[in-house]
Amino acid sequence: MSQASPATPDAYDFGTIQNKWLPVWLRMDPFRADRLAGDAPDSEPDTRERRYLLDMFPYPSGDLHMGHGEAYAFGDLVARYWFQKGYNVLHPIGWDSFGLPAENAAIRRNAHPSEWTYANIETQAESFKRYGVSFDWSRRLHTSDPDYYRWTQWLFLRFYERGLAYRRASYVNWCPKDQTVLANEQVIAGNCERCGSPVTKRELTQWYFKITDYAQRLLDDMGPLEGRWPERVLTMQRNWIGRSEGAYVDFVIEGRDEPVTVFTTRPDTLYGATFFVVAPEAKLASEIVAPSQRAAFEAYLEQVKRETEIERLSTEREKTGVFLGVHAINPVNGERIPVWAADYVLADYGTGAIMAVPAHDQRDLDFARKFDIPVRVVVDTGEPDPAETGVATAGEGVHVNSSLIDGLGKIDGVRTMIEALEQRGVGKGAVTYRLRDWLISRQRFWGCPIPIVHCPSCGEVPVPDDQLPVELPDLRGADLSPKGTSPLAAVSDWVQVDCPKCGGEARRDTDTMDTFVDSSWYYLRYCSPGYDGGPFNPEDVQRWMPIDQYVGGVEHAILHLLYSRFFTKVLHDMGVVDFTEPFKALLNQGQVVNQGKAMSKSLGNGVDLSEQLGKYGVDAIRLTMVFAGPPEDDIDWADVSPSGSLKFIQRAWRLAGDVTSERGVDPATGDTALRKVTHRTIKEFTEHVESFKFNVGIARLMELTSTIRKAIDSGPGPADPAVREAVEALAVMLSVVTPYTAEDMWERLGFEPTVALAGWPSYDADLAAAESVTAVVQIAGKLRDKFDVSPDISEDELRQLALASEKVRNALGDREIRRLIVRAPKLVNIVPG
RNA sequence: GCGAGAGUGGCGGAAUUGGCAGACGCGCCGGACUUAGGAUCCGGUGCCUCCGGGCGUGAGGGUUCGAGUCCCUCCUCUCGCACCA
């Protein structure tokens with residue numbers, strides 16, 4: 001098509017149209033936020049109502065792909081709709097430009113990560129422009145720019161001051177391929193979120209953000225997001241945070257002064273505790289192990305450390321463990337119970353130790369049966385004895401063998417037991433969360449350096465604000481290959497630094513931050529991109545935030561979205577923003593797949609966006625994405641028809657060339673039947689856009705297009721003002737999906753660019769209202785006749801019409817009418833006797 | 001195992017409060033115009049049919065004058081979490 005002869009008045013050629021309008025738009029730059037305010041400092045402000053639409057910014061891995069094509073088609077549709085509605089719209093773009101792929105590419109090519117990164121950014125920027133996305137290019141940012149990461153570091157230091165950034169030694173997730181640690185959120189089913197390698201554990205000292213301090217608020221603040229975020233994202237976040245209620249209980253360990261606290265959700269089963277388990281990696285385990293058992297314990301610990309997360313998490317796996325040679329004292333009955341180390345207890349959840357109640361917890365029962373530990377029933381649920389069946393009775397029942405709570409049910413038992421524990425000072429009611437602190441340090445080069453100096457005499461010293469940014473050294477040509485420690489550690493003249501506090505010799509922290517830190521605040525930077533008095537200008541953030549509509553993939557349901565919510569709450573507590581949630585509404589677009597499977601090189605089913613654009617043009621591809629189905633559903637490229645989209649676009653475009661009436665003629669003198677369709681379409685398309693039912697909206701535009709075609713060819717003809725009215729409205733509505741075609745139609749209709757700011761068409765409610773509706777007559781619920789009636793027909797009139805119908809009387813025969821339901825104006829149901 | 005969501009033609013998908021099932025598109029069939037058609041336009045297209053009609057929204061039951069929609073049981077699929085005490 002694009003290779004065909006250049007566009008003549010009757011031949012649509014998308015290549016010609018794209019080449020014609022793209023330079024015009026770039027020159028006009030029509031999508032600047034605050035567009036009505038001049039650039040002069042004393043100019044009037046843009047007082048229109050503001051809307052902030054944000055698409056999740058891309059990672060610059062090569063050119064844009066099909067997934068980008070889909071996501072940005074949806075985001076752009078909404079943004080362009082808001083522009084047409086006359087809002088002052090902020091629709092920015094930038095790049096999440098730190099990250100491992102750049103580093104790995106640099107290692108392969110023996111180049112600097114920035115070369116690969118910034119080259120890809122330029123490629124993507126050009127592709128976005130060609131794709132016709134309505135960005136405000138003046139606000140572009142890259143998280144790998146020192147101007148940006150200076151403020152990432154600044155924020156880190158504010159977190160540090162507030163005790164929300166800290167370092168500790170712990171067993172952490174380790175990706176052996178990427179040679180770096182990972183946050184809990186970045187381990188997907190035991191595998192590295194990035195590269196898919198099985199994750200192992202390592203004991204390392206790492207930086208954390210104390211997101212657990214915000215667990216309850218992260219839960220509570222989801223209330224207002226209900227209905228405006230996808231339900232499944234909210235559910236996933238709730239599950240991830242994982243609040244659970246129960247109690248802390250203190251157990252004395254023989255030979256140790258300090259009692260050991262455990263968390264349990266079933267304090268009511270305390271009398272059924274027959275052993276005690278400590279996580280092998282927990283410090284406690286090696287502290288309390290008896291000398292006689294130390295060798296056995298250490299062998300076990302080695303074995304546990306070798307296991308990958310996948311092996312460890314497998315539910316079929318047999319329980320393992322080792323007796324530690326000591327006993328704990330049950331605080332309610334003084335009973336001595338053996339203490340074991342077993343890896344089914346996690347070191348970093350609760351207190352890393354549990355009381356085991358095998359009768360009423362399946363995991364404890366599995367363990368007890370394997371190691372011949374007694375099972376004592378303390379809740380009678382009416383089910384058979386767990387010791388015999390091997391099935392723990394975890395449900396509700398009446399307490400037995402439990403002294404002070406005998407005879408009580410679960411709820412009363414829990415309450416009474418907590419009261420008793422509190423009275424004796426050996427426990428208390430408690431809430432814990434599954435959420436862990438966010439591990440943010442990474443042993444890689446291409447990220448934001450952690451602005452901390454380690455001084456032999458002063459300890460951790462923050463880099464003073466006026467010395468930010470701590471810039472990455474130019475490691476061109478250096479060895480970046482992963483070695484398990486940051487490549488920065490090898491750059492001695494970068495690492496060695498004077499201590500900001502005492503001036504003595506000190507060393508920089510050599511880890512870089514998780515790139516999810518960079519992306520946790522970029523949406524704030526967009527509000528005042530050049531600002532150098534802080535990460536953002538609070539006044540500008542006040543004006544634009546929170547984001548009215550966020551658009552992006554569901555793969556960030558927890559990761560990025562949870563982190564950003566956390567950041568926003570911290571900034572709120574710092575007093576610099578007055579909102580607590582960054583994203584008022586969220587739209588998750590689905591994935592583009594091919595032949596039922598995710599596109600991948602190994603499957604050979606990849607579809608290249610730029611190739612599709614070359615074949616069908618930008619508009620047809622965008623339309624195909626939007627028309628394929630609901631935005632949140634996956635699109636199988638094998639099931640959709642870009643050529644069908646192109647056909648429709650051409651049909652619409654030709655209409656503009658057929659209009660022969662002049663601009664500005666009063667459409668009221670035009671054909672009423674066509675006007676009704678036009679106005680009803682405007683009404684419905686608007687509603688469908690507002691409710692994100694874009695595919696249904698497009699269907700209405702297709703119907704309008706057919707109707708106009710008929711009006712021109714076999715109706716009132718091309719000179720009728722109603723035809724012009726219809727085509728103008730069609731062009732403006734299409735502009736949110738197929739901007740090039742719409743612009744060209746607009747020109748053919750005699751207007752100047754740009755159709756993008758032409759203003760959304762309004763509709764006449766009388767014309768949009770249906771003049772007649774189809775009433776149906778059923779007999780016993782089966783359709784027997786239908787006819788057109790006025791929408792405001794009375795029940796009586798409708799009943800008369802129905803009973804008078806020939807078809808109805810035939811079908812009814814001589815049966816009695818037992819009941820008659822009339823729902824004017826749509827339905828009559830006759831129930832025969 | 002736990003949690004969430006979804007099952008509608010050959011396909012993608014439509015269907016206010018329960019009220020014409022299958023909008024729109026793809027594909028397919030037929031026609032027009034053509035030297036030609038992988039262009040364009042027009043028409044048809046859920047299944048069965050003795051052409052009266054009958055049957056149809058994963059299966060079975062229920063509520064109702066009326067169920068794709070509400071309730072119960074089951075089946076299948078997708079996604080998330082996965083020893084969280």
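Protein chains get the first letters and strands the later ones, always in sequence-line order, with residue 1 at the start of each. Every value quoted in this text rests on a predicted model; they were computed, and no experiment measured them.
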Exercise for the section: Spell out yes or no: do the side chain of Lys826(A) and the base of C20(B) have one donor N/O and one acceptor N/O closer than 3.5 Å? Expected result: no
Problem - Check: Tyr344(A)/Thr320(A) side-chain N/O donor and acceptor closer than 3.5 Å - result: no
Problem - Arg654(A) side-chain N/O to U40(B) phosphate OP1/OP2 under 4.0 Å - result: no
Exercise for the section: Fill in the dot-bracket string of RNA chain B, one character per base: . for unpaired, | for a pair to another strand, ( ) or [ ] for pairs within the strand, taking Watson-Crick or G-U pairs under 3.5 Å. Expected result: (((((((..(((......[....)))((((((.......))))))(((....)))..(((((..]....))))))))))))....
Problem - Residues that Arg784(A) engages under salt bridge (charged side-chain N to carboxylate O under 4.0 Å, His left out), provided they are two or more places apart - result: none
Problem - Residue list, salt bridge (charged side-chain N to carboxylate O under 4.0 Å, His left out) with Asp619(A), at least two apart or on another chain - result: none
Exercise for the section: Could you list the residues that satisfy ring-ring contact (aromatic ring centres under 6.0 Å, His included) with Phe251(A), not counting sequence neighbours? Expected result: Phe276(A)
For nucleotides 75-80 of chain B, tabulate all protein N/O to nucleotide N/O atom pairs closer than 3.5 Å, reporting atom names and distance.
residue : atom : partner   : partner atom : Å
C79(B)  : O2'  : Arg232(A) : NH1          : 3.4

Exercise for the section: Determine which pairs satisfy salt bridge (charged side-chain N to carboxylate O under 4.0 Å, His left out) with at least one residue from residues 624-647 of chain A, sequence neighbours left out, and list them in order. Expected result: none
Handout entry: Quiz item: cation-pi between Lys319(A) and Phe367(A), 6.0 Å / 45°
Key = no
Practice task
Sequence neighbours left out, what pairs pass side chain to side chain donor-acceptor pair (under 3.5 Å) with at least one residue falling in residues 686-702 of chain A?
Solution key: Tyr81(A)-Glu690(A), Lys683(A)-Glu687(A), Thr686(A)-Trp760(A), Arg700(A)-Glu703(A)
Practice task
Report yes or no: is there a donor-acceptor pair, N or O only, under 3.5 Å between the side chain of Glu231(A) and the base of G5(B)?
Solution key: no
Practice task
Please name all residues satisfying salt bridge (charged side-chain N to carboxylate O under 4.0 Å, His left out) with Asp268(A), sequence neighbours left out, ordered by chain then number.
Solution key: Arg266(A)
Atom pairs under 3.5 Å: protein N/O with N/O of nucleotides 51-55 of chain B:
none

Problem - Distance, P atom - from A82(B) to G3(B), rounded to whole angstrom - result: 16 Å
Could you list all N or O pairs between the protein and nucleotides 22-32 of chain B that sit under 3.5 Å apart?
residue : atom : partner   : partner atom : Å
A23(B)  : O2'  : Arg700(A) : NH2          : 3.2
A23(B)  : O2'  : Glu703(A) : OE2          : 3.0
A23(B)  : N3   : Arg700(A) : NH2          : 3.4

Practice task
To the nearest Å, give me how far apart CE (Met355(A)) and P (A85(B)) are.
Solution key: 12 Å
Exercise for the section: State whether Asp713(A) and Arg709(A) are salt-bridged, where the test is any N-O pair (Lys NZ or Arg NE/NH1/NH2 against Asp/Glu carboxylate O) under 4.0 Å. Expected result: yes
Exercise for the section: Write down the distance separating the C1' atoms in A21(B) and C55(B), rounded off to the nearest Å. Expected result: 13 Å
Practice task
Name all residues meeting the ring-ring contact (aromatic ring centres under 6.0 Å, His included) criterion together with Phe692(A); count only those two or more places apart in sequence or in a different chain, and write none if there are none.
Solution key: Phe694(A)
Exercise for the section: With sequence neighbours left out, write down each residue that passes salt bridge (charged side-chain N to carboxylate O under 4.0 Å, His left out) with Arg243(A), or none if nothing qualifies. Expected result: Glu245(A)
Handout entry: G68(B) glycosidic torsion: syn (within 90° of 0) vs anti
Key = anti
Handout entry: Side-chain (Gln237(A)) to main-chain (Leu234(A)) donor-acceptor, under 3.5 angstrom
Key = no
Problem - Donor-acceptor pair, side chain of Asp364(A) and main chain of Val357(A), under 3.5 angstrom - result: yes
Completion exercise
Per the glycosidic torsion and the 90° limit around 0, nucleotide G54(B) is anti
Problem - side-chain N/O Tyr349(A) vs A85(B) OP1/OP2, d < 4.0 Å - result: yes
Practice task
Please check if the side chain of Tyr300(A) supplies one atom and the backbone of Asp343(A) the other of a donor-acceptor pair under 3.5 Å.
Solution key: yes
Exercise for the section: With RNA chain B as reference, determine whether Lys786(A) or Ile354(A) sits nearer its 5' end, using the nearest nucleotide of each. Expected result: Lys786(A)
Practice task
Give the rounded distance in Å between these two atoms: CG of Asp634(A) and P of C11(B).
Solution key: 18 Å
Practice task
Report the distance from atom CG of Asp713(A) to atom C1' of G43(B), rounded to the nearest whole Å.
Solution key: 16 Å
Handout entry: Between C42(B) and C51(B) - C1' atom distance, rounded Å
Key = 27 Å
Completion exercise
Comparing nearest nucleotides in RNA chain B, the 5'-proximal residue of the pair Thr265(A), Pro630(A) is Pro630(A)
